[in-house]
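So the structure is just underneath, and the comments pick up after that.
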Amino acid sequence: CTPVNFFGDLTSAADQAALARISSPSINTTDSTLKNFYANTSGDLFELPAGMVGGAFGVEYREESSAFEPSFLAVVDPTNYTCLISSEACTTRAVGEFDVTEVYGEVLFPLLADAPLAQSLNAIAGARWSDYSTFGSTTNWKVGLEWRPIDGLLVRGTVDKVFRAPTINNLYQGDSASSDSFSDPCNRWRGAPVGSPQRLACANVPTDGTFNQTDTQLSAIKGGNSALQPEEGKVFTYGVIYDPSWLDGASVSLDLWRVYLNDTIGTVGTQTILNNCFNNGQFCNLFSRNASGEILRLFDRNANVGRTDTKGVDFGVKYRLEDTAFGSFQLSLDTTYTAQFDVKPNVLGQVV
């Protein structure tokens, strides 16, 4: 055994040799597989007075799998959630897979053509049926209109019912530790009546008002949740595209959009868990305290945590330059203004 002075410069040959003898490589391995089969077709279906009806249809089957194998140094001990290296690197083995079968179609209907104030008016409709092995089936759709009242001006709008399936990481990611900052709501606590949520939140905390947390960080355990459901919502978009005839190659677009999603996938948040246990008696089963009242550990795994509302404006300008001997060039500017982005946690819901 060669002693090592970790407070020294560690540059001597003896120190370097001693460090090499007690070092071990830490290698995590991830193996992911995607298998995909799809078939689709598109073309004209039949003719209406305003033109041909076009359609596109298809089927798809997909398998996804992933296996994560951490280094033996990083494997979490489930009794105390520590490992043989830094706690932030501790994790667990994770294996998961799912498959999905989908059938989809989209049709464009020409409603008007070469009419007063309607050079063209088209309706678009589409639908996709998906069957996931993890949570079941869902059907999503979209409808839209495209109206060209005059040459160079296109007005468009769509409504979509959308969803996002949880990923393999969302579902099966192994537990890992995070050093989350927090403010303990039980600081300077002086007790509460029997049956109040504070009695649950402040278990083992002294009731004489002397308690103050000794650390601003706690060990929060993050990880996947195989019971997750998909995010679902709707998307509304409407806008215009203007191609001025007096400026060849120029195009301007303006689109307004709004998105709302229910059951958004994420974590509740360390402070939200603590505050809602203290105020409402909820999420109290997600953390524990030691005998002196200090928070020992908190679990904040993935969950369907609430709703997201966002809306804004997309603006774009494009200008195509004349072709040159060196090729074709285009100048463009695209910008987005987000007017709202509200995340509303379902703090009254149940977290698995």
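Predicted, not measured: the structure shown is a model, and the values here were computed from it.
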Legend entry - Validation row, ring centre Y81 to ring centre F299 under 6.0 Å: yes
Can you list, pair by pair, the side-chain donor-acceptor contacts under 3.5 Å of residues 144-159, counting residues two or more places apart and other chains?
from: W147; atom 1: NE1; to: L117; atom 2: O; distance (Å): 2.8
from: R156; atom 1: NE; to: D255; atom 2: OD1; distance (Å): 3.2
from: R156; atom 1: NH2; to: D255; atom 2: OD1; distance (Å): 3.4
from: R156; atom 1: NH2; to: D255; atom 2: OD2; distance (Å): 2.8
from: T158; atom 1: OG1; to: D160; atom 2: OD1; distance (Å): 3.4
from: T158; atom 1: OG1; to: T237; atom 2: OG1; distance (Å): 2.5

Check the surroundings of atom [atom1] in [X]: do more than 12 heavy atoms from other residues, nucleotides or ligands lie under 6.0 Å from it?
{"X": "Y242", "atom1": "OH", "result": "yes"}
{"X": "K161", "atom1": "NZ", "result": "yes"}
{"X": "E97", "atom1": "CD", "result": "no"}
{"X": "Q340", "atom1": "CD", "result": "yes"}

Inset, instruction - Could you verify whether a donor N or O on one side chain and an acceptor N or O on the other, from N275 and T272, lie under 3.5 Å apart? - result: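 Their side chains do not contain a donor-acceptor pair, so the 3.5 Å distance test is not met.
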Inset, instruction - Given side chain to side chain donor-acceptor pair (under 3.5 Å), test N169 with T167 step by step and report yes or no. - result: CA-CA 5 Å; N169 274 345; T167 66; 5.5 Å; no
Inset, instruction - Can you run down the disulfide (SG to SG under 2.5 Å) pairs that involve residues 145-177, sequence neighbours left out, and say none if there aren't any? - result: none
Legend entry - Aromatic F287 / basic R297 pairing, under 6.0 angstrom, 45° off normal: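 So R297 doesn't make the cation-pi contact.
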Legend entry - D44 side-chain N/O to F46 backbone N/O, donor-acceptor pair under 3.5 Å: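 The answer is no, because no donor-acceptor pair under 3.5 Å joins these two groups.
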Legend entry - R62 (side chain) donor-acceptor with V100 (main chain) under 3.5 angstrom: no
Inset, instruction - May I ask you to test the C202-F211 pair for a side-chain heavy-atom distance under 4.5 Å? - result: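 Answer no - side chains too far apart.
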Inset, instruction - Please examine the side chains of S130 and T101, heavy atoms only from C-beta on, and report whether any two atoms are closer than 4.5 Å. - result: no
Would you compute the distance between atom [atom1] of [X] and atom [atom2] of [Y] and round it to the nearest 0.5 angstrom?
{"X": "R164", "Y": "E231", "atom1": "CZ", "atom2": "CD", "value": "4.0 Å"}
{"X": "D99", "Y": "N36", "atom1": "CG", "atom2": "CG", "value": "12.0 Å"}
{"X": "Y104", "Y": "R128", "atom1": "OH", "atom2": "CZ", "value": "6.0 Å"}

Legend entry - Test: D184 and R289 ion pair at under 4.0 Å: yes
